[in-house]
Amino acid sequence: MFVVKLIYPKRQSSSVKACFQGEGNTVPGSNRFFLILQDSKAKKAKSKDKKVPEADKRKKPKKEEEQKWKWWEEERYPEGIKWKFLEHKGPVFAPPYEPLPENVKFYYDGKVMKLSTKAEEVATFFAKMLDHEYTTKEIFRKNFFKDWRKEMTPEEKSTITNLSKCDFTHMSQYFKAQTEARKQMSKEEKQKIKDENERLLKEYGYCVMDNHKERIANFKIEPPGLFRGRGNHPKMGMLKRRIMPEDIIINCSKDSKIPPPPPGHKWKEVRHDNKVTWLVSWTENIQGSIKYIMLNPSSRIKGEKDWQKYETARRLKKCVDKIRNQYREDWKSKEMKVRQRAVALYFIDKLALRAGNEKEEGETADTVGCCSLRVEHIKLHPELDGQEYVVEFDFLGKDSIRYYNKVPVEKRVFKNLQLFMENKQPEDDLFDRLNTSILNKHLQDLMEGLTAKVFRTYNASITLQQQLKELTNPDDNIPAKILSYNRANRAVAILCNHQRAPPKTFEKSMMNLQSKIDAKKEQLADARRELKSAKADAKVRRDEKSKKSVESKKKAVQRIEEQLMKLEVQATDREENKQIALSTSKLNYLDPRISVAWCKKWGIPIEKIYNKTQREKFAWAIDMAEEDFEF
DNA sequence: CCCGTAACTTAGAACTGGTATG
DNA sequence: CATACCAGTTCTAAGTTACGGG
């Protein structure tokens with residue numbers, strides 16, 4: 001239904017190397033990979049080969065079994081019930097504020113000023129961000145200053161009336177020195193910190209849910225600081241206040257050991273709700289939304305849900321043709337509402353747009369999704385660059401990431417869009433008779449469990465599968481096959497518009513590479529000159545020695561040409577990935593079983609595709625998918 | 001239907017730490 | 001040995017969806 005265009009570097013073999021840079025977990029001989037792919041076989045072999053002392057034998061399997069609990073082989077809970085037993089230690093609070101040493105000064109209007117602890121703390125938040133572009137933004141400064149003043153004593157308030165007169169540079173220097181000092185710490189000191197973190201993780205990083213120890217994702221409470229919204233956020237710079245035990249709701253089993261609040265404090269509430277998955281929650285002060293502490297993606301509760309998500313997408317695969325025919329019919333409907341719904345759904349399906357909920361104006365950055373598109377976000381071109389009926393999209397989506405695309409559409413869609421835009425202002429809704437709730441209700445009627453986001457999952461996964469089929473060359477070696485995998489992944493990332501800001505060091509590293517290329521070019525020119533003169537020489541002398549010299553010079557030229565090509569391909573590859581992020585699609589949209597099956601089919605070690613964390617998250621897929629798995 | 005709220009997934013940026021490089 | 005670099009990890013913002021009450 002949709003086409004993803006990719007430009008590939010010309011030479012495969014050389015860019016392979018680039019792909020492998022930094023993948024440090026390669027094991028010589030690569031046998032170990034197959035241990036993981038063929039777990040059961042490997043285990044059998046192991047127990048035959050190795051003679052383990054009796055005591056060890058008894059202990060180890062038990063431990064391993066606990067670590068490798070295969071929840072996916074167990075029966076699921078009835079709908080709505082998330083757990084039967086839940087015990088945890090509660091959250092870890094942000095460390096208390098440590099006042100600055102006396103010699104670190106803050107200046108107002110050129111004069112030293114000693115701040116109260118509360119005001120000082122908030123000032124340090126700003127000082128720590130001084131190098132960031134944020135602090136130059138008008139809205140950020142205004143919001144910060146307003147909230148900062150709330151923390152000041154009456155005296156401070158009356159003195160400090162202008163942010164521009166505040167000098168945080170000394171404070172900023174102090175923090176930079178601190179960071180530097182941390183880097184310079186001795187091995188022992190660093191180890192001490194590491195040990196302490198490990199202890200914290202061990203104590204607070206896990207919970208017990210239904211007889212199994214599970215890893216918690218975010219057991220640390222977000223520390224206070226200045227709110228950093230994405231894009232043009234009206235609340236940027238506001239003070240994110242410190243969360244206290246009195247803000248915290250604990251959720252756990254009635255019969256579990258209830259985590260005690262820190263001495264001298266109380267929890268806001270302790271509840272025992274097994275219809276939800278969270279362990280701890282609190283209300284954040286910027287948007288007034290609720291934040292949660294939940295389990296790690298490797299947990300049963302997250303894994304099951306993830307698996308279910310892909311199963312829903314696979315059900316969509318079975319009826320997607322029917323749904324597509326349906327919405328194409330609906331383009332002709334006499335009901336405006338139905339037409340809008342059908343065109344919106346077409347965009348969601350074809351372009352993998354997000355649903356697009358309405359947002360409260362002034363509360364968040366101005367971003368849109370499909371249903372919230374405005375007239376100003378599209379341009380209609382009856383003809384553009386030799387193509388008919390082109391729609392030009394230009395809007396900011398989630399995280400204020402720009403979506404820009406020129407898409408040829410069916411005539412009917414085009415005509416409908418013209419109709420929807422008639423007599424509207426640029427800031428009016430394109431789909432004025434539609435919202436996500438209407439759309440999702442309709443989708444629910446088409447297929448149980450179908451919502452707008454299922455299309456994104458479905459199209460991402462099916463694209464990966466298709467692209468893998470298309471791009472994998474059976475004769476390629478492993479690195480070349482992995483390159484194909486990454487390209488398939490890239491096709492999905494482009495479809496889903498997963499972008500990233502070019503890394504800060506990108507230009508520099510690109511320049512380094514370019515200078516390497518330039519040097520190589522010069523080297524090549526030299527080698528060619530030498531070859532030329534050797535040829536001339538050989539013509540005159542006509543002896544064996546000069547002939548040989550010509551041959552070796554020829555080879556040298558070839559070798560340098562190849563090296564140059566490699567470098568250029570590497571540059572292309574890096575350039576192509578400059579603004580594309582592969583990880584989001586890999587983590588959230590691609591059915592891991594497709595990747596696992598592909599690995600098994602071609603004998604690719606799973607470690608080449610998934611790092612340790614990803615293997616933990618996708619353990620279910622790695623265990624259950626065979627090479628013939630079809631999404 | 002509208003609206004607000006709750007719960008959960010998805011997202012890019014910032015940070016970290018281990019390793020390659022000079 | 002210091003430094004640069006980058007993959008992996010952490011952080012938390014920003015979405016989607018369901019639901020209940022008027």
Side-chain angles (χ1 to χ4, degrees), chain A residues 18 20-25 80 82 128-129 132 134 179 182-184 190 193-194 197 201 217-223 225 227-231 233 235-236 240 249 251 273 275-278 281 283-284 286-297 301-302 305-306 308-309 348 354-360 363-365 367-372 396-401 435-441 443-444 449-454 456-457 460 493 496-506 508-509 512 574 579-589 610-614:
Chain A
F20 270 81
Q21 275 182 359
E23 281 218 38
N25 46 6
K82 305 298 170 73
K128 281 177 183 170
M129 292 179 76
H132 204 286
Y134 272 121
T179 315
R182 228 172 297 135
K183 271 193 217 154
Q184 300 300 324
K190 281 184 182 170
I193 294 174
K194 215 175 159 186
N197 283 334
L201 174 67
N218 55 325
F219 58 93
K220 289 178 186 156
I221 301 265
E222 298 170 20
F227 177 75
R228 309 149 86 115
R230 309 267 172 87
H233 198 117
K235 299 196 171 184
M236 64 169 85
K240 209 170 89 163
I249 302 173
N251 191 34
D273 182 357
K275 309 278 191 296
V276 297
T277 67
W278 54 268
S281 77
T283 301
E284 152 269 356
I286 304 288
Q287 323 267 3
S289 65
I290 307 168
K291 301 256 183 167
Y292 302 93
I293 290 182
M294 291 183 188
L295 297 195
N296 197 69
I301 213 155
K302 294 290 183 189
K305 199 80 186 294
D306 207 37
Q308 207 175 72
K309 173 182 79 186
I348 285 170
R354 295 188 185 81
N357 288 300
E358 307 98 298
K359 301 168 82 189
E360 215 176 322
E363 291 294 300
T364 59
T367 63
V368 297
C370 186
C371 294
S372 50
L396 297 182
K398 181 176 179 181
D399 293 316
S400 293
I401 297 293
N435 60 39
T436 54
S437 159
I438 295 170
L439 180 67
N440 279 334
K441 257 180 212 126
L443 293 177
Q444 195 58 241
L450 186 61
T451 63
K453 84 187 186 81
V454 179
R456 249 168 103 79
T457 311
C496 293
N497 199 39
H498 289 143
Q499 298 186 24
R500 58 168 184 171
K504 283 226 165 66
T505 52
F506 188 85
K508 213 178 92 191
S509 78
N512 286 344
R574 202 182 289 183
Q579 315 200 62
I580 300 173
L582 301 185
S583 60
T584 303
S585 49
K586 203 181 217 179
L587 238 42
N588 300 300
Y589 288 102
Y610 292 137
N611 67 28
K612 187 164 162 277
T613 314
Q614 293 164 340

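Labels below follow one simple rule: chain letters A, B, ... track the order of the sequence lines, proteins then strands, and each chain is numbered from 1.
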From the list B:dC8, B:dA13, C:dT12, which nucleotide is the closest neighbour of the side chain of A:Asn218? C:dT12
With a 4.0 Å limit, can you tell me whether A:Tyr589 has a side-chain N or O closer than that to the phosphate oxygens OP1/OP2 of B:dT9? no
Nearest whole angstrom, please: distance from the P of B:dC15 to the NZ of A:Lys194. 20 Å
Of the nucleotides B:dA7, B:dA14, B:dT9, which one has an atom closest to the side chain of A:Lys305? B:dT9
Whichever of A:Ile221 and A:Gln614 has the more 5' nearest nucleotide on DNA chain C, that residue is A:Gln614
A:Lys302: what forms a side chain to side chain donor-acceptor pair (under 3.5 Å) with it, not counting sequence neighbours? none
Output all residues satisfying salt bridge (Lys or Arg N to Asp or Glu O under 4.0 Å) with A:Lys309, sequence neighbours left out; order by chain, then residue number. A:Asp306
Check side chain to side chain donor-acceptor pair (under 3.5 Å) between A:Asn357 and all other residues, then give those that pass, not counting sequence neighbours. A:Thr436
In the 5'-to-3' direction, what one-character label does each nucleotide of nucleotides 13-22 of chain C receive under the scheme B = base within less than 4.0 Å of a protein heavy atom, S = sugar-phosphate only, - = no such atom? SBSBBS----
A:Lys359-A:Ser372 side chain donor-acceptor pair, cut-off 3.5 Å: no
Not counting sequence neighbours, which residues clear salt bridge (Lys or Arg N to Asp or Glu O under 4.0 Å) with A:Lys398? List them please. none
Applying salt bridge (Lys or Arg N to Asp or Glu O under 4.0 Å) to A:Lys183 and not counting sequence neighbours gives A:Glu180
By nearest atom, which of the nucleotides C:dT9, B:dG12, B:dA13 is closest to the A:Asn611 side chain? C:dT9
